[in-house]
Each structure stands twice: as structure tokens, then as C-alpha cells.
Amino acid sequence: MKLQAVKGTFDILPDAQPYWHHLYSAAERVLTRAGVRELTPPVFEHSDVFVKSAGASSDLVVQKEMYTFTDAGERSLTLRPEFTPGVLRAFVEHGMYTLPAPVKLWCKGPIFRAEKPQRGRFRQFHQVDCEFLGLASPLVDAEAVTLLYRVLGACGLKNLTVRLGSVGDPEDARAYNSYLRDELGKRATELSEMSRERLRLNPMRVLDAKDEGDQKIVGTLKRPLDFLNDEARAHFGAVQRFLTDWEVPFEIDDSVVRGLDYYRRTAFEIHHAGIGAQSALGGGGRYDGLVESLGGPATPGVGWAFGVERVLDAMEQDGVEVPRSPGPTLFLVPMDDEAISEVAKLASELRSSLSVHHAYSRRNPGKGLRDADRSGARFAGLRGERERERGVYTFKNLRSGEQHEVSEADLKTFLGARLKDVR
RNA sequence: GUGGAUGUAGCUCAGUAGGUUAGAGCAUCGGAUUGUGGUUCCGAGGGUCGUGGGUUCAAAUCCCAUCAUCCACCCCA
């Protein structure tokens with residue numbers, strides 16, 4: 001058995017951590033300022049939570065990609081394949097529907113789907129998710145889209161494309177689907193094999209067929225937006241007006257199709273060129289009715305999520321610079337055996353207020369200063385026989401090369417003063 | 001589920017008319033320097049050549065199988 005991470009999973013190594021922190025802190029900053037509060041749901045839930053939310057037509061597609069297992073108590077549990085159902089479960093379980101609406105929640109963490117890996121697609125990956133519950137107003141849809149856009153902007157991304165659409169209310173979607181089945185059914189023989197298969201399983205998918213002949217046929221059809229009822233149309237118009245007013249760029253794309261049944265009205269995606277075939281960084285939409293179908297009180301809601309790995313990929317493509325994690329303030333070098341434990345003890349004491357690293361074996365000054373330099377330390381502190389005799393450390397500023405002796409008693413004040421100077 | 005590409009040192013990669021002890025750069029460790037860093041110079045350690053089988057006097061190299069990784073299709077919460 002080779003020692004190797006499970007297919008579709010990976011380690012986030014120390015060198016990569018600054019990028020992750022940068023992204024998460026950008027998200028936290030933007031969302032917190034907007035009054036969105038963090039909620040951390042468990043990584044797994046009763047399978048029902050995800051199965052019920054997926055809906056009837058989605059479960060063929062979706063359930064086979066869920067990591068489901070039975071625990072020792074014969075409970076069927078599932079590693080979350082998305083955040084929304086778990087957040088809604090928590091929302092209901094804790095009576096958050098009594099809070100003033102909208103209740104705005106966000107979360108972050110790993111997500112699990114048993115898909116075949118490729119660029120931007122893994123079996124364990126990470127999402128930042130945001131949910132706005134309790135209000136059906138288009139104002140909330142617009143705020144949701146805006147915050148998604150702002151979070152990604154705060155990550156340093158340029159050239160984002162927001163695609164905005166509406167799937168209407170359930171009866172609109174049903175009407176459009178049967179329209180598609182009728183019209184495309186008549187011309188099924190002209191369609192490619194793939195589109196015929198899509199027509200059978202999910203007619204809306206025919207709209208983004210890549211085959212040229214298919215696209216000609218699609219061009220003659222009415223669009224999903226033509227089927228919106230008056231209220232849904234007005235809602236969609238209001239969302240657009242808010243976004244325009246708030247100077248959030250977007251394009252209308254009525255082929256934004258959400259795979260899950262629970263979406264109503266607003267649907268949106270945000271894309272970035274240059275991260276491969278999986279170009280969607282994230283997306284979301286309105287899901288009025290979902291809380292109720294999970295067994296809670298009727299509650300309108302809208303939410304989104306984005307894939308952290310894809311955003312990091314996009315950041316890399318855009319050349320986003322992230323501050324390197326700083327080295328220690330001080331690096332201590334023991335120059336004889338007795339000094340090894342002395343510097344370890346001193347480091348331990350100084351760490352109550354400073355970042356202090358040290359070498360773990362006897363080093364000559366050349367090697368010791370090289371170690372200190374490589375650690376990125378600002379100062380080095382050398383300790384050997386000479387220093388011990390005089391009760392001092394030899395301190396060297398690694399940037400200026402300036403060096404003096406500092407008595408053990410003055411160490412902290414010396415460092416404090418030095419740091420002030422440097423700043 | 002389908003297709004293509006790729007697996008050689010910790011990392012990035014050379015290395016095919018099959019032929020001695022499989023190389024480089026980076027990284028690590030040591031020395032130049034047993035009390036003064038970044039640059040430089042010298043040296044060392046580190047390899048089941050993904051795995052298994054086959055062909056051959058001889059396989060990293062050719063053949064078959066298998067596993068893994070990457071990319072794309074499909075799908076996409």
C-alpha cells in the first residue's frame with residue numbers, strides 16, 4: 001500500500017497556507033462588514049437532510065456522488081456535498097426564524113463529492129457559503145450577488161463575469177420544460193445524440209449544447225425568460241435595477257441553469273477565464289420553499305457558494321500577490337553544548353511576547369547566522385562561552401549587520417526598543 | 001462512465017539505433033570558515049527508473065497488463 005492521499009484529496013502544505021488565509025480573511029472581512037454572521041455546521045448530517053433537499057429529479061444525478069455511510073448506531077449519515085441543507089437544518093433547529101429577517105449566515109470548510117477529479121474538481125474541496133433567510137425581496141437577491149462579487153474582488157480577482165438569470169417559479173419551469181420537450185421532440189432526429197439524451201433527462205441542458213446543428217435549432221426556440229410569470233419577471237427586473245444602481249456589472253444569461261430542483265427565480269454564477277474547463281468560481285440562487293420541504297416553517301431564502309480551490313487557481317492566474325508569512329523576530333544560535341539548553345529556555349520565555357526560533361544543535365557562527373538568515377529572522381542572538389562568561393548575548397541586526405552585546409537582564413527591553421526603531 | 005497525456009532523487013526535469021557504477025539544477029547535510037550570515041567554491045548523502053509480467057546475452061529504453069496523476073468529455077449542488 002503506497003502512502004498516498006486518497007484520490008481527489010490533497011494536502012494543503014505550509015507554503016500554500018498564506019493564500020488560504022488571505023482568501024478566508026477577505027471573505028470574513030467583507031461578509032462581517034455586511035452583517036453576515038458565521039455559522040459552522042457539522043461536516044456530516046443525517047442523509048435525509050441532503051436527500052430531501054436535492055429533490056426528486058435530482059437524486060439520480062446527485063445521490064450517487066454523495067459519500068454516505070452507516071454508523072455503529074445504524075444511522076445513515078452523509079458527508080456534506082453542499083452547505084445549504086445543513087445550514088437550513090441548523091437555522092430551523094435553533095429557531096433562528098424568530099430573528100429579524102433577513103438572517104444572514106456564512107460558513108466555510110470542506111465539501112465532499114465522489115466525482116472524477118480534474119482541474120478545479122476534487123473529492124474533498126472547500127467552499128465559502130452564504131445564506132440569506134427570511135425575506136423574499138429582490139433587495140436580498142441583489143445583496144447576495146453583490147457580496148459574492150465583492151468577496152471575490154477582495155481576494156484580488158479582476159475580470160469576473162457575473163451571469164444572472166431566472167428560472168422563474170416552479171410552474172414556469174415546468175411550462176418551459178414541457179415546451180422544450182414538445183418543440184425539441186418534434187425535431188429529435190435532427191439533434192445530436194448527446195442532445196437527445198439531454199432532452200430525455202434534463203431538457204434545459206440542450207440549450208448549452210456545443211454542437212452547431214443543435215445550436216441552430218436552439219436559436220429558433222423561446223428562452224426560459226419568456227416563460228416567467230408577471231411577478232417573477234418583476235422580481236428579476238428589480239434585481240437587475242439594484243445591481244445596476246450599485247454598479248455591480250453583470251450580464252443576463254438565461255442559460256444559467258441550476259441542477260437542483262429547489263431553485264426559484266434568481267439564479268447566478270460567477271466565472272473567471274483561465275482556470276480550465278470548470279470556469280465557474282461559484283454560484284447560487286433563490287430557494288424559497290426549501291426550508292419548508294426540509295420540515296421547517298415556510299421561509300424564503302437565497303444563497304451562494306464558491307469553490308475555494310478554483311478561486312485560488314484564479315488568483316494565481318491573475319498574479320495576485322499575498323504577503324509572505326513573516327519570519328521570527330529573533331533567531332538564537334547556541335555555539336557550544338551548554339548553550340543549547342540556554343537558548344531553548346530563553347526562547348521559551350521570550351515567546352510570551354515575541355516570535356523566537358533557535359537552532360537545536362551546536363552551530364558555529366557562520367552556520368548559525370546562515371540558519372538565522374534562512375529563517376527570515378530580523379535579529380540573531382549568539383550564545384557561547386564568551387557570552388556566558390560575561391552574562392550576555394551577542395545580538396546582530398541581520399539587515400544592517402550592526403551588532404552589540406546585550407546583558408541577559410536587558411534582553412526584553414532591548415528587543416522592545418529595537419523593534420520600535422525598526423518600525 | 002468515456003478519451004488523451006504523463007509516471008526517473010524531497011522538488012523540477014534530462015536520459016530511445018536496448019549496452020559498464022542512471023544524470024543535472026534546486027533542496028538537504030558537510031567542508032572552505034573549530035567566533036560572524038545572505039554571494040561563491042568544493043564535497044557528500046539521497047533512486048524498487050510507478051507496479052507486475054514478457055521479449056532479449058542485456059530493458060529506464062521494446063511489448064502486454066495494472067495502478068496512479070494530470071487534462072478534457074459527461075455531469076455539475
Side-chain angles (χ1 to χ4, degrees), chain A residues 1-10 13 15 49-51 53-55 57-66 78 80-87 111-122 125 127 129 192-195 197-198 201-202 204-205 208-211 256-263 267 269 275-280 282-285 287 290 303-307 310 327 331 333-336 339 359 361-387 394-403 405:
Chain A
M1 184 72 193
K2 205 174 174 186
L3 235 39
Q4 185 176 43
V6 172
K7 183 196 283 287
T9 71
F10 56 91
L13 297 173
D15 285 347
V49 172
F50 300 118
V51 172
S53 75
S57 82
S58 320
D59 47 49
L60 279 181
V61 199
V62 160
Q63 276 188 48
K64 67 173 185 192
E65 308 218 319
M66 299 201 308
T78 296
R80 60 186 178 213
E82 58 169 332
F83 270 114
T84 306
V87 173
I111 296 287
F112 306 86
R113 297 180 191 172
E115 300 190 273
K116 186 158 172 176
Q118 66 181 78
R119 185 172 184 183
R121 173 177 285 183
F122 311 92
F125 62 104
Q127 286 189 339
D129 173 277
S192 67
E193 192 181 334
M194 187 167 290
S195 286
E197 182 66 8
R198 283 174 166 178
L201 296 172
N202 186 358
M204 298 261 274
R205 281 280 168 199
D208 37 42
K210 282 164 189 161
D211 183 273
V256 173
V257 174
R258 307 268 79 196
L260 291 190
D261 289 347
Y262 58 62
Y263 284 104
E269 291 178 349
I275 58 167
Q278 305 298 319
S279 69
Y287 49 74
L290 179 55
W304 50 254
F306 67 80
R310 290 186 190 177
F331 190 101
V333 178
M335 296 191 292
D336 59 24
S361 58
R362 179 164 47 83
R363 306 297 267 162
N364 65 42
K367 286 286 189 289
L369 286 168
R370 197 182 61 181
D371 293 346
D373 191 59
R374 287 179 182 180
S375 78
R378 184 178 294 171
F379 298 101
L382 307 178
R383 176 73 165 190
E385 197 181 342
R386 285 187 206 163
E387 285 80 5
T394 297
F395 268 76
K396 180 155 189 171
N397 182 325
L398 291 169
R399 295 186 193 166
S400 67
E402 153 197 30
Q403 171 176 318
E405 293 187 342

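Letters A, B, ... mirror the listed sequences (proteins, then strands); counts begin at 1. When reading the values below, keep in mind they use all heavy atoms of this one structure, side chains included, and skip hydrogens, waters and symmetry mates.
Considering only side-chain N and O atoms, A:R374 lies nowhere under 4.0 angstrom from the phosphate OP1 or OP2 of B:A27.
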Listing time: all N or O pairs from protein to nucleotides 70-72 of chain B that are below 3.5 Å?
residue	atom	partner	partner atom	Å
B:C71	OP2	A:R119	N	2.7
B:A72	OP1	A:A277	N	2.8
B:A72	OP2	A:Q118	NE2	3.4
B:A72	OP2	A:R119	N	3.4

Grab the N/O contacts between the protein and nucleotides 44-52 of chain B below 3.5 Å, and write none if there aren't any.
none

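Along RNA chain B, the nucleotide nearest to A:M194 and the one nearest to A:A5 differ in position, and the one closer to the 5' end is contacted by A:A5.
The nucleotide B:G7 finds its pairing partner in B:C67, both defining distances of the Watson-Crick or G-U wobble pair being shorter than 3.5 Å. Within the shown strands, B:G31 is the pairing partner of B:C41 under the Watson-Crick or G-U definition, both distances less than 3.5 Å. Nucleotide B:C73 forms a pair with B:G1, judged by Watson-Crick or G-U wobble geometry with both contacts under 3.5 Å. The partner of B:G18, taking Watson-Crick or G-U wobble pairs whose two distances both stay under 3.5 Å, does not exist in any strand shown. Using N1 to N3 plus N6-O4 or O6-N4 for Watson-Crick, or N1-O2 and O6-N3 for G-U wobble, each under 3.5 Å, B:C62 pairs with B:G54. Nucleotide B:C49 forms a pair with no other nucleotide shown, judged by Watson-Crick or G-U wobble geometry with both contacts under 3.5 Å.
Separation of the C1' atoms belonging to B:U66 and B:G7 is 13 Å when rounded to the nearest angstrom.
Residues satisfying the side-chain contact (heavy atoms from CB on, under 4.5 Å) test with A:A359, not counting sequence neighbours, are A:F331, A:P334, A:R363, A:D371. Not counting sequence neighbours, A:F125 has no partner by the ring-ring contact (aromatic ring centres under 6.0 Å, His included) test. A:T394 pairs by the side chain to side chain donor-acceptor pair (under 3.5 Å) definition with A:E387, not counting sequence neighbours. Residues passing the side chain to side chain donor-acceptor pair (under 3.5 Å) test with A:R113: none are found, sequence neighbours excluded. Evaluation of the salt bridge (Lys or Arg N to Asp or Glu O under 4.0 Å) rule for A:R383 yields A:E342, A:E408 as partners, not counting sequence neighbours. Remark: A:F112 pairs with no residue by the ring-ring contact (aromatic ring centres under 6.0 Å, His included) rule, at least two apart or across chains. Residues that satisfy the side-chain contact (heavy atoms from CB on, under 4.5 Å) test with A:K7, not counting sequence neighbours, are A:P117, A:R123. The side chain to side chain donor-acceptor pair (under 3.5 Å) check on A:R80 picks up nothing, with sequence neighbours excluded. By the side chain to side chain donor-acceptor pair (under 3.5 Å) test, A:E385 pairs with no residue at all, sequence neighbours left out.
Of the listed nucleotides (B:A68, B:C75, B:G30), B:G30 has the atom at the smallest distance from the side chain of A:R363. Closest to the side chain of A:R205, out of B:C75, B:U28, B:C76, is B:C76.
Summarising the geometry, the separation between CD on A:E82 and P on B:C75 is reported as 19 Å, rounded to the nearest angstrom. A straight line from CZ of A:F10 to P of B:A68 spans 19 Å, rounded to a whole angstrom. Taking atom CD of residue A:E197 and atom P of nucleotide B:U2, one finds them 16 Å apart after rounding to whole Å.
Taking the side chain as every heavy atom from C-beta outward, A:L382 and A:L369 approach each other to under 4.5 Å.
No contact: A:R80 has no heavy atom under 4.0 Å from any strand. Among the protein residues, A:E115 comes within range of the nucleic acid bases, having at least one heavy atom under 4.0 Å from a base atom.
A:R113 contributes no side-chain N or O that forms a donor-acceptor pair with the base of B:C76 under 3.5 Å. In this model, no side-chain donor or acceptor of A:R198 finds a partner on the base of B:C75 within 3.5 Å.
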Given A:T84 and A:Y287, is the side chain to side chain contact (heavy atoms under 4.5 Å, CB included) satisfied, shown in steps? CA-CA 10 Å; A:T84 306; A:Y287 49 74; 4.0 Å; yes

Mark up nucleotides 32-38 of chain B, 5' to 3', with B wherever a protein heavy atom is under 4.0 angstrom from a base atom, S wherever such an atom reaches only the sugar-phosphate, and - elsewhere. ---BBBB

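Other residues, nucleotides and ligands contribute at most 12 non-hydrogen atoms within 6.0 Å of the CZ atom of A:R362.
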